[in-house]
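As the structure is a prediction and not an experimental result, all values here were calculated from the model. Numbers restart at 1 for each chain; the letters A, B, ... are given by sequence-line order, proteins then strands.
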2 protein chains.
Amino acid sequence: MTILRSSHRLPAATPERGIPDATVARLPVYLRALNALIEQGIGTCSSNDLAAQAGVNPAKLRKDLSHLGSYGTRGVGYDVEYLSYQIAREIGQTQDWDVVIVGVGNLGSALSAYQGFSTRGIRVAALVDTSPERIGTEISGITVSALEDLAAIVAEREIAIGIIATPGDAAQTVADALVAAGITSILNFAPALVQVPDGVDVRKVDLSIELQILAYHEQRKAGIDTVDAE
Amino acid sequence: MTILRSSHRLPAATPERGIPDATVARLPVYLRALNALIEQGIGTCSSNDLAAQAGVNPAKLRKDLSHLGSYGTRGVGYDVEYLSYQIAREIGQTQDWDVVIVGVGNLGSALSAYQGFSTRGIRVAALVDTSPERIGTEISGITVSALEDLAAIVAEREIAIGIIATPGDAAQTVADALVAAGITSILNFAPALVQVPDGVDVRKVDLSIELQILAYHEQRKAGIDTVDAE
DNA sequence: TCGATTTTGAGAACGCGTTCACAAACTCTT
DNA sequence: AAGAGTTTGTGAACGCGTTCTCAAAATCGA
């Protein structure tokens with residue numbers, strides 16, 4: 001059964017630049033769900049099927065996909081492989097992205113060995129640290145370089161994404177070094193917020209805060225139990 | 001459904017329970033900013049000062065704080081220590097929270113040694129794994145237990161929060177075990193979504209997706225450079 | 001060919017969160 | 001004591017994202 005890719009879109013249609021942030025954040029989830037379907041040998045799926053796999057509302061899924069174009073077929077659904085490719089292309093996963101990790105303490109080391117990256121087009125290309133004891137050692141098959149060599153490494157390997165995995169007080173220094181080296185996208189694991197110039201994207205992952213949010217809700221659950229009788 | 005908890009000072013105000021999720025997620029950020037101010041020896045601050053420290057809009061900060069109560073003084077600002085305590089109390093950081101980490105691979109090990117937890121009232125109380133080679137070994141000063149012993153450990157130590165740091169295919173099994181053991185809050189680092197019964201909170205941190213989102217924007221920047229002449 | 005059925009794509013309504021704008025409340029100076 | 005200056009707390013406007021809903025487009029069976 002061949003799925004018609006409902007004709008070509010308009011040649012000069014809106015460049016469709018500007019997918020909502022919330023949608024962008026979910027596209028990788030859909031991609032993962034589609035890959036799961038591919039592994040199950042499923043060739044076509046409805047928005048209901050895919051939404052169930054991805055854990056979202058079917059209407060939301062369709063709205064999200066509609067921002068990319070019309071890749072489904074009414075009355076039929078989506079061709080799994082075709083849609084998978086379209087999303088991959090949209091989020092730039094048809095190419096590999098080299099990243100540099102700054103700070104190879106416990107977290108940085110764990111990230112350098114993280115299995116989940118390679119299958120999603122992420123390749124840890126370099127490790128950097130400031131500690132003399134760490135520089136020159138090999139972690140996950142990569143030799144740790146000095147922070148001074150960052151710019152050269154970034155230029156040579158065409159690295160566009162940097163990961164900050166240092167303690168909080170080093171974060172701004174590292175961010176400055178990354179920006180100076182030409183990095184324009186930063187993932188910050190340090191418990192500190194960093195200032196960067198316009199044009200540089202920073203995403204922050206704060207492990208403590210995630211747990212603190214859970215603790216708030218946990219406290220609230222406990223409070224309901226004990227206070228309700230009041 | 002609505003939780004009535006009479007506050008000691010509000011006579012006929014709204015139940016006041018039910019702080020918006022977006023606000024809850026920012027309270028730990030404010031708390032960190034306030035602690036930074038305390039270390040600088042600053043006793044009072046305006047919403048402008050604190051907002052700058054926390055990296056948010058002053059109006060948003062005030063709106064957030066207004067959900068907790070009126071802890072500021074017009075024309076003056078906020079007492080740093082007092083506000084710090086009020087936020088800490090609100091998000092349950094006046095007590096320590098014990099957590100169990102399931103999966104002591106690279107990521108789980110790194111989390112067990114993470115310095116940022118202890119200062120925020122998070123204590124890693126137990127480590128669990130399924131691998132016979134890991135069970136019984138000591139990591140960050142904690143002996144790794146078997147998954148079968150999870151329920152006993154959770155009960156004994158009164159652990160309320162569990163962290164999943166396993167590969168994706170083990171995540172659901174682990175989540176089921178955590179729920180069976182009485183855990184009601186889960187932080188999931190595995191690249192898979194887990195199903196849990198009502199009443200159990202799950203937060204998900206997906207390292208690959210964070211990088212994929214950055215890669216999307218990175219790709220877009222590159223596209224603008226080459227396509228757009230603006 | 002035609003009607004019944006399935007499913008997408010998108011307009012519209014809705015809700016939540018952010019930002020604006022300002023009165024109220026406080027301090028400080030004269 | 002009173003006016004000028006500050007800053008909070010909050011109602012209102014706004015914008016983004018989610019959800020509802022349904023016409024349009026496709027398949028299938030007779």
**Request:** Test Arg32(B) against Asp206(A) for salt bridge (charged side-chain N to carboxylate O under 4.0 Å, His left out), laying out the working first.
**Result:** CA-CA 12 Å; Arg32(B) 184 175 297 164; Asp206(A) 198 305; 2.7 Å; yes
**Request:** Could you check how far NE2 of His67(B) sits from P of dG9(D), rounded to whole Å?
**Result:** 12 Å
**Item:** Euclidean distance, atom NZ of residue Lys63(A) to atom C1' of dG11(C) [Å, nearest integer]
**Value:** 7 Å
**Request:** Tell me which nucleotide among dT27(C), dA10(C), dG9(D) gets nearest to the side chain of Ser70(B).
**Result:** dG9(D)
**Request:** Take the protein atom CG of Asp79(B) and the nucleotide atom C1' of dC26(C), then report the distance between them rounded to whole Å.
**Result:** 15 Å
**Asked** Does a nitrogen or oxygen in the side chain of Arg62(B) sit under 4.0 Å from OP1 or OP2 of dG11(D)?
**Response** no
**Asked** In whole angstrom, what separates Leu61(A)'s CG from dG9(C)'s P?
**Response** 10 Å
**Request:** Check the distance between dC16(C)'s C1' and Arg26(B)'s CZ and give it to me in whole angstrom.
**Result:** 12 Å
**Message:** I need the CG-C1' distance between Leu83(A) and dT8(C), as an integer number of Å.
**Reply:** 12 Å
**Asked** When the aromatic ring centroids of Tyr82(B) and Tyr71(B) are compared, is their separation below 6.0 Å?
**Response** yes
**Message:** For Leu187(A), is there any backbone N or O sitting under 3.5 Å from a side-chain donor or acceptor partner on Lys204(A)?
**Reply:** no
**Message:** Of the options dT27(D), dG17(D), dT19(C), whose atoms approach the side-chain atoms of Lys60(B) most closely?
**Reply:** dT19(C)
**Message:** Need to verify one output field. Residue with the more 5' nearest nucleotide on DNA chain D, Gly72(B) or Gly75(A)?
**Reply:** Gly72(B)
**Prompt:** With a 3.5 Å cut-off and just heavy-atom distances, do the side chain of Arg74(B) and the base of dT7(D) make a donor-acceptor pair?
**Reply:** no
**Request:** Could you tell me whether the phosphate oxygens of dT18(D), OP1 or OP2, come under 4.0 Å of any side-chain nitrogen or oxygen in Asn57(A)?
**Result:** no
**Distance-only polar pair, side chains of Gln172(B) and Asp176(B), donor-acceptor under 3.5 Å** = yes
**Request:** Using atom CG of Leu27(A) as one end and atom P of dG17(D) as the other, report the distance to the nearest whole Å.
**Result:** 13 Å
**Request:** Could you verify whether a donor N or O on one side chain and an acceptor N or O on the other, from Asn106(B) and Tyr114(A), lie under 3.5 Å apart?
**Result:** no
**Asked** Picking from dT18(C), dG17(C), dT8(D), which would you name as closest to the side chain of Ser46(B)?
**Response** dT8(D)
**Request:** Return no unless some side-chain N or O of Tyr78(B) is found under 4.0 Å from OP1 or OP2 of dG9(D).
**Result:** yes
**Prompt:** In whole Å, what is the span from the CG atom of Asp64(A) to the P atom of dG9(C)?
**Reply:** 12 Å
**Asked** For dT8(C), does OP1 or OP2 lie under 4.0 Å from any side-chain N or O of Ser47(A)?
**Response** yes
